[in-house]
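Below: the structure, in structure tokens.
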Amino acid sequence: MYRLFSWEHSYFSGKIRAYLRFKDRMEDLGPGFEDILATPELIAGLLTPRTGSGAVPQMEAPDGTWVQDSSEIIDFCEAAHRKVPVVPDPATSPRHCLAAYLVKLLADEWMVVPGFWERWYFSEPGHGLNHLGFNEQQWGAVIA
């Protein structure tokens with residue numbers, strides 16, 4: 001089973017969680033996956049010694065391989081599970097493959113700005129829809 005170490009409030013953890021859920025639903029993830037909250041104790045005692053980094057998301061594959069970074073995790077899983085690919089094969093569909101990677105680049109590098117803005121802007125007092133409680137709960141769960 002794949003073991004994903006993530007935070008609920010992490011933008012890139014959400015990206016990987018959605019990807020793994022899709023692959024699992026399509027029965028293209030082999031043994032499935034487990035989403036594990038990366039607590040400070042887990043980061044210091046397991047993740048950092050294994051990978052040299054405390055950043056999340058990180059994933060341990062069934063064979064014991066550790067993969068860090070959302071794009072690397074997707075590439076790793078895509079290489080192992082090709083029944084329902086999310087990235088077109090560059091050998092047969094080079095333009096579609098390029099388009100998929102351009103969309104990923106856009107989402108990873110440019111959509112994160114409005115995503116973070118909305119997270120924190122709607123945590124300020126005076127907004128009808130307020131994320132403050134969610135942010136406090138999520139950050140508190142990790143920091144506590």
Side-chain angles (χ1 to χ4, degrees), residues 1-124 129-144:
M1 177 170 282
Y2 289 96
R3 296 182 346 147
L4 174 67
F5 295 89
S6 67
W7 294 334
E8 182 67 29
H9 62 278
S10 164
Y11 180 87
F12 293 103
S13 292
K15 171 184 164 181
I16 294 304
R17 192 176 301 110
Y19 168 79
L20 292 173
R21 285 177 181 164
F22 170 77
K23 293 293 267 190
D24 198 34
R25 248 182 234 121
M26 295 294 110
E27 298 178 359
D28 189 23
L29 196 58
F33 81 101
E34 176 183 17
D35 192 7
I36 300 166
L37 175 65
T39 62
E41 295 79 22
L42 269 177
I43 291 170
L46 180 64
L47 303 183
T48 302
R50 296 290 174 120
T51 66
S53 173
V56 295
Q58 292 189 36
M59 184 183 74
E60 182 183 17
D63 68 359
T65 302
W66 283 83
V67 189
Q68 179 187 339
D69 184 74
S70 59
S71 295
E72 295 294 324
I73 292 170
I74 289 174
D75 289 344
F76 180 86
C77 289
E78 284 295 288
H81 305 285
R82 296 297 299 163
K83 178 180 168 187
V84 183
V86 298
V87 178
D89 183 1
T92 58
S93 300
R95 290 180 182 160
H96 291 114
C97 182
L98 176 62
Y101 278 111
L102 287 174
V103 169
K104 181 183 76 69
L105 178 66
L106 172 69
D108 282 357
E109 301 302 328
W110 296 105
M111 294 307 291
V112 72
V113 174
F116 285 168
W117 177 82
E118 285 192 20
R119 172 189 290 170
W120 298 114
Y121 177 76
F122 289 105
S123 294
E124 294 178 355
L129 298 172
N130 196 299
H131 300 171
L132 183 61
F134 174 77
N135 286 328
E136 288 175 341
Q137 187 274 329
Q138 291 301 309
W139 284 105
V142 171
I143 294 170

Output, in order, the C-alpha distance, side-chain angles, deciding distance and verdict of side chain to side chain contact (heavy atoms under 4.5 Å, CB included) for D75 and V67.
-> CA-CA 10 Å; D75 289 344; V67 189; over 6 Å; no
Just how far is it from atom [atom1] of [X] to atom [atom2] of [Y], taken to the nearest 0.5 Å?
| X | Y | atom1 | atom2 | value |
| --- | --- | --- | --- | --- |
| L46 | E41 | CG | CD | 12.0 Å |
| L4 | I73 | CG | CD1 | 6.0 Å |
| S71 | I16 | OG | CD1 | 7.0 Å |
| R17 | D24 | CZ | CG | 14.0 Å |

Below 4.5 Å, heavy atoms only, C-beta onward: do V87 and C97 meet side chain to side chain?
->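 V87 vs C97: side chains touch.
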Can you name the salt bridge (charged side-chain N to carboxylate O under 4.0 Å, His left out) partners of [X], sequence neighbours left out?
| X | value |
| --- | --- |
| E34 | none |
| D108 | K15, K104 |
| R3 | E60 |

Atom CH2 of W110 with >12 non-hydrogen neighbours under 6.0 angstrom = no
Over 12 non-hydrogen atoms of neighbours within 6.0 angstrom of CE in M111 | no
Check step by step if side chain to side chain contact (heavy atoms under 4.5 Å, CB included) holds for E8 and L37.
-> CA-CA 8 Å; E8 182 67 29; L37 175 65; 5.8 Å; no
Shortest non-hydrogen contact between [X] and [Y], atoms and distance:
| X | Y | value |
| --- | --- | --- |
| P85 | E78 | CA-OE1, 3.3 Å |
| P88 | A100 | CD-CB, 3.8 Å |
| L20 | C77 | CD2-SG, 4.1 Å |

Would Y19 and F33 satisfy side chain to side chain contact (heavy atoms under 4.5 Å, CB included), going step by step from the backbone distance to the final call?
-> CA-CA 11 Å; Y19 168 79; F33 81 101; over 6 Å; no
Given R21, K23, K83, R82, the one that forms salt bridge (Lys or Arg N to Asp or Glu O under 4.0 Å) with D28 =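 Between D28 and the candidates, salt bridge (Lys or Arg N to Asp or Glu O under 4.0 Å) is satisfied uniquely by K23.
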Under 30°, 30 to 60°, or over 60°: which ring-plane class applies to H81 and Y2, parallel, tilted or perpendicular?
-> perpendicular
What do the steps show when you test S53 against L47 for side chain to side chain contact (heavy atoms under 4.5 Å, CB included), and what is the final call?
-> CA-CA 7 Å; S53 173; L47 303 183; over 6 Å; no
